[in-house]
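Beneath this line is the structure, given in structure tokens, with notes to follow.
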Amino acid sequence: MMTGYLLARAGVEVAVLEKHADFNRDFRGDTIHPSTLELMHELGLLEEFLKLPHQELRELRGVMNGHVVPMADFSHLPTRCKFIAFMPQWDFLNFLAGHARKFPTFTLHLQHEVTDLLIESERVVGVRVKTPAGELIARADLVIGADGRHAMTHTRGNFELREFGVPIDVLWTRLSKRDGDPKQSLGFFQGGKLLVLLDRDDYFQVGFIIPKGAFDAVRQRGFPAFHADIVGIAPFLQDRITELDDWSKIKLLTVQINRLRHWAREGLLCIGDSAHAMSPAGGVGINLALQDAVATANLLAAKLRMGAVSLADLEQVQRRREMPVRLIQTMQVFIHRRINGRSSGRGDKLPFIGLLFRWFPILRRLPARFIGLGPRPEHIHSPTSDL
């Protein structure tokens, strides 16, 4: 959506194809990082954007073995918004779509599922699309695959995918809120286990880390054991844990970290999770994908106004964005070696890393920079249309 917005802003004719009838998915992330808020400012949209319902976190805290630990302080970032905004992603998407529709060269097609690529003489020249009215063909100078980790585009494009083993999956559900519940935090850590609660105003979206492939074992143990695992990490949930009384309320999210060796071929460019699936660690995936979108528009918008772009043009996007992707994925793999859903001994002792964050507040600036801005944050340099 961001790519479509920026290309249309530059006067490029662009169509965004969305499989579903709307953007409402519980599993979409909620974090709008300072780097993304800075982009909103550069586009002149920030003031209106922040009128949407959201929460602002200027400091991220974690609960380690029952101890509250400040872990990331965003107040020193060189941005206008020194906080993370928590906002349902469907609101963000609807906001971008609404502004993109103001450009005469932009169209959004809902319930349009891309089912295949059109390839002629080894060049991608368009896509096949399933719609409520039947199948249609959409031809384009460039197809941008932003269709996620299970992307049809990179599969049908015959790209080589490199997998980096991740020892976790996530169980995704919801629990009601109560007065006096803790404020938004980075998560509740207990040994090697992690529970994440996203505040949705009237309920919590709950993410519970389990070992890879362990969901069947979790179900076999039954709800009493499952409830005990969650309450053992976050005791304040004891008074509502029995709301989880049917496995249909709990969705399995299979966590992946992978990366395409090549992001492009003639006529096709993959970005975001389609090019590099991230784990949920740090909540950086959405914001990294948005950085890809900005780099894509910066590098290609002016050329696309003239027509098709070359493979060499598309490869510039990968050269620009691959370094931050590699760095963040390496860090995520390192984190998951320690936080993997397996118990590493309970105890109530604060880990040494937690003590360091308490003793030396300046250390909190490092994760704030990494999470809030990331390596190589992008800025808006794509042209605007003369229309």
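Everything quoted here is computed from the prediction, not taken from an experiment.
Here the side chain of N258 pairs no donor or acceptor atom with the backbone of R162 at under 3.5 angstrom. With R240 contributing its side chain and F236 its backbone, the two residues share a donor-acceptor pair below 3.5 Å. Between the side chain of T79 and the backbone N or O of C81, at least one donor-acceptor pair lies under 3.5 Å. Looking only at distances, a side-chain donor or acceptor of Q318 sits under 3.5 Å from a matching main-chain atom of R261. For the pair D169 (side chain) and V255 (backbone), a donor-acceptor distance under 3.5 Å is present. Proximity of a side-chain donor or acceptor of K249 to a complementary backbone N or O of E243 within less than 3.5 Å is detected. Looking only at distances, a side-chain donor or acceptor of T155 sits under 3.5 Å from a matching main-chain atom of A151. Side chain of Q205 to backbone of L197: no donor-acceptor contact under 3.5 angstrom is found. A donor-acceptor pair under 3.5 Å is absent between the side-chain atoms of D141 and the main chain of L304, judged by distance alone. With D313 contributing its side chain and S310 its backbone, the two residues share a donor-acceptor pair below 3.5 Å.
Taking the centre and axis of the six-membered ring of Y203, the NZ or CZ atom of R174 falls inside the cone set by 45° and 6.0 Å. A cation-pi arrangement, defined by a distance under 6.0 Å to the six-membered ring centre and an angle within 45 degrees of its axis, is absent between R101 and F103. Judged by the 6.0 Å and 45° rule, K177 forms a cation-pi pair with F204.
L52 is listed as a side-chain neighbour of M87, based on a closest heavy-atom distance under 4.5 Å. With a 4.5 Å cut-off on side-chain heavy atoms, N298 and E378 count as touching. Contact check for H20 versus E113: no side-chain heavy atoms found under the 4.5 Å cut-off. You'll find the side chain of K251 stays beyond 4.5 Å of the side chain of L171, heavy atoms only. Side-chain contact between R149 and T254: absent, with no pair of heavy atoms (C-beta onward) separated by less than 4.5 Å. L268 has its side chain out of reach of H154: every pair of non-hydrogen atoms, C-beta onward, lies at least 4.5 Å apart. Side-chain atoms of H99 and L45, non-hydrogen and from C-beta on, do get closer than 4.5 Å to each other. Taking the side chain as every heavy atom from C-beta outward, T330 and F164 never approach each other to under 4.5 Å.
Between the side chains of S279 and Q256, no donor-acceptor pair of N or O atoms lies under 3.5 Å. Side-chain contact annotation: S176 with R178, donor-acceptor N/O pair under 3.5 Å present. Side chains of T31 and H33: a donor on one and an acceptor on the other come within 3.5 Å. In this structure, a donor-acceptor pair under 3.5 Å is absent between the side chains of N287 and S35.
Under the 30°/60° scheme for interplanar angles, the aromatic rings of W263 and H276 are found to be tilted.
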Worked check of salt bridge (charged side-chain N to carboxylate O under 4.0 Å, His left out) between D73 and R58:
CA-CA 6 Å; D73 178 4; R58 301 174 189 278; over 6 Å; no

Salt bridge (charged side-chain N to carboxylate O under 4.0 Å, His left out) assessment of R61 paired with E59
CA-CA 6 Å; R61 299 185 172 204; E59 179 182 74; 2.7 Å; yes

Chi angles and distances behind the side-chain hydrogen bond (donor to acceptor under 3.5 Å, both in side chains) call for E42, H379
CA-CA 8 Å; E42 292 173 5; H379 297 278; 2.6 Å; yes

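Here the two rings, on F92 and F23, have centers that are 6.0 Å apart or farther. Separation of the W247 and F223 ring centroids falls under the 6.0 Å cut-off. Proximity of the aromatic rings of F106 and Y5 is defined here by a centroid distance below 6.0 angstrom, and this criterion is not met.
Scanning both residues, A277 and Q329, for their nearest heavy atoms gives O-NE2, 3.2 Å. The two residues A289 and G272 make their nearest non-hydrogen contact at CB-CA, 3.8 Å. Pairing each heavy atom of P34 with each of I84, the nearest pair is CD-CG1, 3.9 Å.
Within 6.0 Å of atom CZ in R265, more than 12 heavy atoms from other residues, nucleotides or ligands are found, so the atom counts as buried in its surroundings. Residue K82 places its NZ atom among more than 12 non-hydrogen atoms of other residues, nucleotides or ligands, all under 6.0 Å distant. Enclosure of atom NE2 in H54 by more than 12 non-hydrogen atoms of other residues, nucleotides or ligands within 6.0 angstrom is indicated.
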